[in-house]
Asker: 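Have a look at this one.
A, B, ... follow the sequence lines: proteins, then strands. Residue 1 opens every chain. The figures that follow rest on heavy atoms only: side chains count, while hydrogens, waters and symmetry mates do not.
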Amino acid sequence: MKELMIILIGAALVNNVVLSQFLGLCPFLGVSKKIETAAGMGAAVIFVITISSLIASLIYKFILQPLHLEYLQTIVFILVIAALVQFVEIMLKKTSPGLYQALGVYLPLITTNCAVLGVALLNVQKDYGILASVVNGFGTAIGFTIAIVIMAGIRERIEGNDIPKAFRGSPIILITAGLMAIAFFGFAGLL
Amino acid sequence: MNKYVERLYNGIIKENPTFVLMLGMCPTLAVTTSAMNGLGMGLTTTVVLVMSNLIISALRKMIPDKVRIPAFIVIVASLVTVVELILEANLPSLYETLGIYIPLIVVNCIILGRAEAFASKNSIGLSIFDGIGMGLGFTVGLTCIGIFREWIGNGTIFSLKLSPESYEPISIFVLAPGAFFVLAMLTALQNKLKLKSATNGEGAKSNIACGGNCSTCSGSDCAINRELLEKEKENR
């Protein structure tokens with residue numbers, strides 16, 4: 001149990017997926033304009049990454065490893081993730097239209113989010129078991145959500161500020177991300 | 001200008017993936033902690049890009065239009081696996097430092113973008129040169145950023161000491177925040193000088209990944225995104 005907690009906190013705060021590993025930068029910079037949309041994207045990412053790390057680790061443990069096909073992991077994972085996102089989208093549409101309304105728009109965008117594939121590969125690299133993989137995936141997605149929601153909050157504030165002309169648009173967002181990354185260094189003391 | 005040379009010029013200067021198109025930002029920020037890492041990542045991506053352009057261009061008449069994106073992804077993923085195994089066998093130190101970012105070349109926008117925008121429509125020869133041009137452009141971009149970060153953050157370039165003894169390295173530049181700062185300064189400079197770049201075109205019109213700037217990116221941005229969005233629109 002203690003080990004799982006360490007994995008969770010480590011994935012969410014200490015090794016934040018966006019701010020220290022640079023995975024999932026496109027949605028982090030693109031969908032962080034309003035807090036609501038950022039939270040929606042975050043929820044969709046939590047949903048998809050948790051499920052995909054479960055499926056990916058099941059496939060790795062019960063299909064790839066027994067057959068000594070570990071080298072196929074990249075191909076298998078990317079296909080599984082792409083199919084999974086489509087599947088989740090169809091399932092949500094049929095079973096819970098409310099959730100689909102809230103997350104639907106963001107789901108297709110997640111296929112190309114490198115954080116999803118990154119987590120699946122990291123789980124294998126770090127030799128996590130199935131439960132630990134799911135916890136790591138969940139923690140990573142929580143970390144993503146925290147980062148993108150904070151970013152959206154800051155961006156809503158920045159809108160009204162008088163920024164030097166050359167820094168308007170993406171430069172100021174990148175600087176904000178850099179400062180956030182410094183702030184997240186503080187969490188390194190947690191573990 | 002010869003059209004093959006024109007492809008090289010287009011990739012390295014006119015549509016440089018790092019400085020002009022702003023594609024593949026994840027590896028750009030993550031692996032440029034030193035000039036050597038940037039160069040290694042750039043060359044690895046170049047190899048994958050040239051091979052994938054070659055194969056996709058050769059198969060362009062055989063791949064049905066509807067399943068072309070999954071087909072491209074399978075081709076690229078296979079190539080990445082091959083390159084990964086070669087690196088592991090021959091350059092173990094580079095393989096160690098690049099780590100997870102080698103398999104993540106699969107989801108690099110540049111590769112699928114070129115497959116969709118160029119290789120699936122043009123002859124094999126031209127596609128190979130397009131791959132070489134774009135790959136070298138990416139390599140130049142990564143190496144430049146790597147040289148800058150290593151010099152400021154560590155006082156060295158390609159591990160050679162190039163600063164006076166009294167220079168105290170600003171080590172934050174080889175850490176994660178430094179990557180954001182360097183890219184921020186780069187884009188600010190491009191804004192200031194009004195250089196052609198993805199970041200100082202029209203502001204993003206919607207809240208979609210990569211800024212939703214699909215109308216101005218001429219199809220070289222994440223091709224999948226655009227397609228899925230179009231499908232969304234039809235369904236609505």
Asker: Given heavy-atom pairs under 4.5 angstrom as the criterion, report whether the side chain, backbone, both or neither of B:Leu186 touches chain A.
Answerer: neither
Asker: Does any backbone or side-chain atom of B:Ser78 lie under 4.5 Å from a heavy atom of chain A? Answer side chain, backbone, both or neither.
Answerer: both
Asker: Would you mind telling me which of B:Thr28, B:Val76, B:Leu29 has the largest number of heavy-atom pairs within less than 4.5 Å of chain A?
Answerer: B:Leu29
Asker: For B:Ala184 and A:Pro171, which heavy atoms make the closest approach, and how far apart are they?
Answerer: CB-O, 3.5 Å
Asker: For A:Phe138, does the CZ atom have more than 12 heavy-atom neighbours from other residues, nucleotides or ligands under 6.0 Å away?
Answerer: no
Asker: Around atom CE of B:Met25, are there more than 12 heavy atoms from other residues, nucleotides or ligands closer than 6.0 Å?
Answerer: yes
Asker: Which bit of A:Phe185 comes within less than 4.5 Å of chain B, counting heavy atoms only: side chain, backbone, both or neither?
Answerer: side chain
Asker: Taking all heavy atoms of B:Ala77 and all of A:Ile78, pick out the closest pair and write down the distance.
Answerer: CB-CG2, 4.2 Å
Asker: Within a radius of less than 6.0 Å around CD of A:Glu36, do more than 12 heavy atoms belonging to other residues, nucleotides or ligands occur?
Answerer: no
Asker: Examine whether an atom of A:Gln21 lies under 4.5 Å from a heavy atom of chain B, and if so say whether it belongs to the side chain, the backbone or both; otherwise answer neither.
Answerer: both
Asker: For B:Ala176 versus A:Phe22, what's the shortest heavy-atom pair and its separation?
Answerer: O-CZ, 3.5 Å
Asker: Please name the pair of heavy atoms, one in B:Ile100 and one in A:Gln125, separated by the smallest distance, quoted to 0.1 Å.
Answerer: N-NE2, 4.0 Å
Asker: Could you measure the distance from the CD atom of B:Gln190 to the OG atom of A:Ser170? Nearest 0.5 Å is fine.
Answerer: 8.5 Å
Asker: Has B:Met36 got more than 12 heavy atoms of other residues, nucleotides or ligands less than 6.0 Å from its CE?
Answerer: no
Asker: Dump the intermediate steps for side chain to side chain contact (heavy atoms under 4.5 Å, CB included) on B:Phe181 and A:Ile175, then the final yes or no.
Answerer: CA-CA 6 Å; B:Phe181 292 144; A:Ile175 288 191; 4.2 Å; yes
Asker: Are the side chains of B:Thr81 and A:Leu72 in contact, using a 4.5 Å heavy-atom criterion?
Answerer: no
Asker: Between A:Thr74, A:Thr176, A:Ile173, A:Ile75, which has the largest tally of heavy atom pairs under 4.5 Å with chain B?
Answerer: A:Ile75
Asker: Of the listed residues (A:Pro164, A:Gly118, A:Gly24), which shares the most heavy-atom pairs with chain B below a 4.5 Å separation?
Answerer: A:Gly118
Asker: Which heavy atom in A:Leu121 sits nearest to a heavy atom in B:Pro103, and how many Å separate them?
Answerer: CD1-CB, 3.5 Å
Asker: I need the minimum non-hydrogen distance between A:Arg168 and B:Asn191, along with the two atoms involved.
Answerer: O-ND2, 3.3 Å
Asker: Which atoms of A:Leu19 come close to chain B, meaning under 4.5 Å heavy atom to heavy atom: side chain ones, backbone ones, both, or neither?
Answerer: both
Asker: Go through the atoms of A:Ile182 and report whether side chain, backbone, both or neither lie under 4.5 Å from a heavy atom of chain B.
Answerer: both
Asker: Does any part of the side chain of A:Leu23, heavy atoms only, come nearer than 4.5 Å to the side chain of B:Tyr101, both counted from C-beta?
Answerer: yes
Asker: So for A:Leu179, is it side chain, backbone, both, or neither that comes closer than 4.5 Å to the heavy atoms of chain B?
Answerer: both
